[in-house]
Asker: 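Have a look at this one.
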Amino acid sequence: MSDVERKLAAPLLALRLGVFVVILMWTLDKFVNPGHGIAIFEKFYGLSGADTVLMQILGALELVLLLLFVTGSLKFWTYGAVFVLHALSTLSSWQQYLQPWDHLLFFAAWPMLAACYALFALRDYDRLLSRS
């Protein structure tokens, strides 16, 4: 392991764990409060007709993805999927950015998106507590 790889190990693990915690909460929300997820699908994605069962199925699939992600498994696919899903989530909220003082918390999505990108771009160096 090179000096650069040693220096990257802990920060990349910290990014992976940080992204995991945030998305885990959104995933658990699909089980705890599926109505919230349904409302988000309608408001931000324009998708109506979702129900509690669909939210829980999506939550279960997301949980599998997150467990693979946090263990550093199948990095190209899991890091890529987390990056793309978070990018879609961030971009679908575009109207919130037009009224920033009413929606300040939405801006937290951008550094998280940057973290997802960094993890995907540097995935080959993310080896600490990683399966591959």
Side-chain angles (χ1 to χ4, degrees):
M1 183 181 293
S2 73
D3 187 47
V4 171
E5 289 173 317
R6 273 191 294 282
K7 288 179 180 179
L8 286 173
L12 288 173
L13 175 62
L15 283 177
R16 183 166 21 113
L17 293 174
V19 168
F20 169 75
V21 167
V22 172
I23 297 180
L24 178 65
M25 295 311 296
W26 282 100
T27 300
L28 295 177
D29 186 56
K30 289 175 177 69
F31 296 105
V32 175
N33 187 6
H36 183 239
I38 292 168
I40 288 172
F41 266 57
E42 290 175 2
K43 181 174 182 175
F44 294 105
Y45 303 108
L47 301 172
S48 58
D51 62 6
T52 299
V53 173
L54 178 60
M55 280 300 112
Q56 292 176 340
I57 290 170
L58 291 174
L61 292 171
E62 203 169 270
L63 188 57
V64 169
L65 170 64
L66 283 177
L67 292 174
L68 290 169
F69 170 81
V70 78
T71 61
S73 301
L74 305 169
K75 289 179 188 167
F76 178 82
W77 299 106
T78 60
Y79 290 29
V82 166
F83 176 43
V84 168
L85 290 173
H86 187 63
L88 291 172
S89 172
T90 301
L91 297 174
S92 73
S93 305
W94 67 271
Q95 291 179 326
Q96 310 310 310
Y97 306 119
L98 300 177
Q99 298 173 331
W101 310 123
D102 295 333
H103 305 285
L104 281 176
L105 284 177
F106 279 82
F107 285 85
W110 291 98
M112 169 102 167
L113 184 59
C116 292
Y117 169 69
L119 280 167
F120 181 75
L122 298 170
R123 66 190 176 275
D124 293 337
Y125 300 101
D126 184 16
R127 296 188 182 138
L128 190 59
L129 300 179
S130 175
R131 294 196 65 203
S132 53

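Here the structure is a predicted model, which is why all the values come from computation and not from measurement.
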Asker: Taking distance alone, no hydrogens or angles, what donor-acceptor pairs closer than 3.5 Å link side-chain atoms of residues 81-90 to residues at least two apart or in another chain?
Answerer:
from  : atom 1 : to     : atom 2 : distance (Å)
His86 : NE2    : Thr90  : OG1    : 3.3
His86 : NE2    : Ala109 : O      : 3.0
Thr90 : OG1    : His86  : O      : 2.8

Asker: Hey, quick one: are Leu66 and Leu68 part of the same hydrophobic cluster, counting side-chain heavy atoms closer than 4.5 Å, chains of contacts allowed?
Answerer: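 No, no single cluster joins them.
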
Asker: Check ring-ring contact (aromatic ring centres under 6.0 Å, His included) between Tyr97 and all other residues, then give those that pass, not counting sequence neighbours.
Answerer: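 Per chain and number, Tyr97 pairs via ring-ring contact (aromatic ring centres under 6.0 Å, His included) with Phe107, Trp110.
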
Asker: Quick one: ring-ring contact (aromatic ring centres under 6.0 Å, His included) partners of Phe41, sequence neighbours excluded?
Answerer: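 Only Tyr45 meet the ring-ring contact (aromatic ring centres under 6.0 Å, His included) criterion with Phe41.
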
Asker: Short question: side chain of Thr78, backbone of Ser73 - any donor-acceptor pair under 3.5 Å?
Answerer: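 Confirmed, Thr78 side chain pairs with Ser73 backbone.
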
Asker: Show me the donor-acceptor pairs, under 3.5 Å and distance only, between side chains in residues 5-23 and residues at least two apart or in other chains.
Answerer:
from  : atom 1 : to     : atom 2 : distance (Å)
Glu5  : OE1    : Ser2   : N      : 2.8
Glu5  : OE1    : Ser2   : OG     : 3.4
Glu5  : OE2    : Arg127 : NH1    : 2.9
Arg6  : NH1    : Met1   : O      : 2.6
Lys7  : NZ     : Asp3   : OD2    : 3.4
Arg16 : NE     : Tyr79  : OH     : 3.2
Arg16 : NE     : Asp126 : OD2    : 2.8
Arg16 : NH1    : Val70  : O      : 2.7
Arg16 : NH1    : Leu129 : O      : 3.2
Arg16 : NH2    : Asp126 : OD1    : 3.0
Arg16 : NH2    : Leu128 : O      : 2.6

Asker: Let me see the working for Ser130 and Lys75 under side chain to side chain contact (heavy atoms under 4.5 Å, CB included), right down to the final yes or no.
Answerer: CA-CA 9 Å; Ser130 175; Lys75 289 179 188 167; 3.0 Å; yes

Asker: Please find the pair of heavy atoms, one from Pro34 and one from Val32, that lie closest to each other, and give the distance.
Answerer: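 Reported closest heavy-atom pair: CD-C, 3.6 Å.
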
Asker: State the CG-OG1 distance between Leu65 and Thr27, to the nearest 0.5 angstrom.
Answerer: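 It comes to 8.0 Å.
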
Asker: Does Leu122 share a hydrophobic cluster with Val4, counting links as ILVMFWY side-chain heavy atoms below 4.5 Å and allowing steps through other members?
Answerer: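 Yes; Val4 is reachable from Leu122 via cluster members.
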
Asker: Working to the nearest 0.5 Å, report the span between CG of Leu58 and CG of Leu63.
Answerer: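 Result: 12.5 Å between the selected atoms.
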
Asker: For the CD1 atom of Ile38 and the NE2 atom of His36, what is their distance to the nearest 0.5 Å?
Answerer: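 One finds 11.5 Å between CD1 of Ile38 and NE2 of His36.
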
Asker: Please collect all salt bridge (charged side-chain N to carboxylate O under 4.0 Å, His left out) contacts where either partner lies in residues 21-50, sequence neighbours excluded, each pair once.
Answerer: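 Non-adjacent pairs meeting salt bridge (charged side-chain N to carboxylate O under 4.0 Å, His left out): Lys30-Glu62.
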
Asker: Holding to side chain to side chain contact (heavy atoms under 4.5 Å, CB included), I want the full list of residues that pass it with Leu61, two or more places apart in sequence or in another chain.
Answerer: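 In terms of side chain to side chain contact (heavy atoms under 4.5 Å, CB included), with neighbours along the sequence ignored, Leu61 is linked to Ile57.
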
Asker: Is there a continuous path of hydrophobic side-chain contacts, each under 4.5 Å between heavy atoms, that joins Leu28 to Val64?
Answerer: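 Different clusters: Leu28 never reaches Val64 through Ile, Leu, Val, Met, Phe, Trp or Tyr contacts under 4.5 Å.
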
Asker: Could you tell me which non-hydrogen atom of Ala108 sits nearest to which non-hydrogen atom of Pro111, and how far apart they are?
Answerer: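 Nearest heavy atoms, Ala108 then Pro111: O-CD, 3.3 Å.
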
Asker: In terms of hydrophobic clustering (I, L, V, M, F, W, Y; side-chain heavy atoms under 4.5 Å; direct or indirect links), are Phe120 and Leu74 co-clustered?
Answerer: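 Different clusters.
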
Asker: Could you tell me whether Leu98 atom CG has more than 12 heavy atoms of other residues or ligands within 6.0 Å of it?
Answerer: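 Yes.
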
Asker: Roughly how far, to the nearest 0.5 Å, is CG of Leu67 from CG of Leu24?
Answerer: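 Spacing of CG (Leu24) from CG (Leu67) equals 8.0 Å.
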
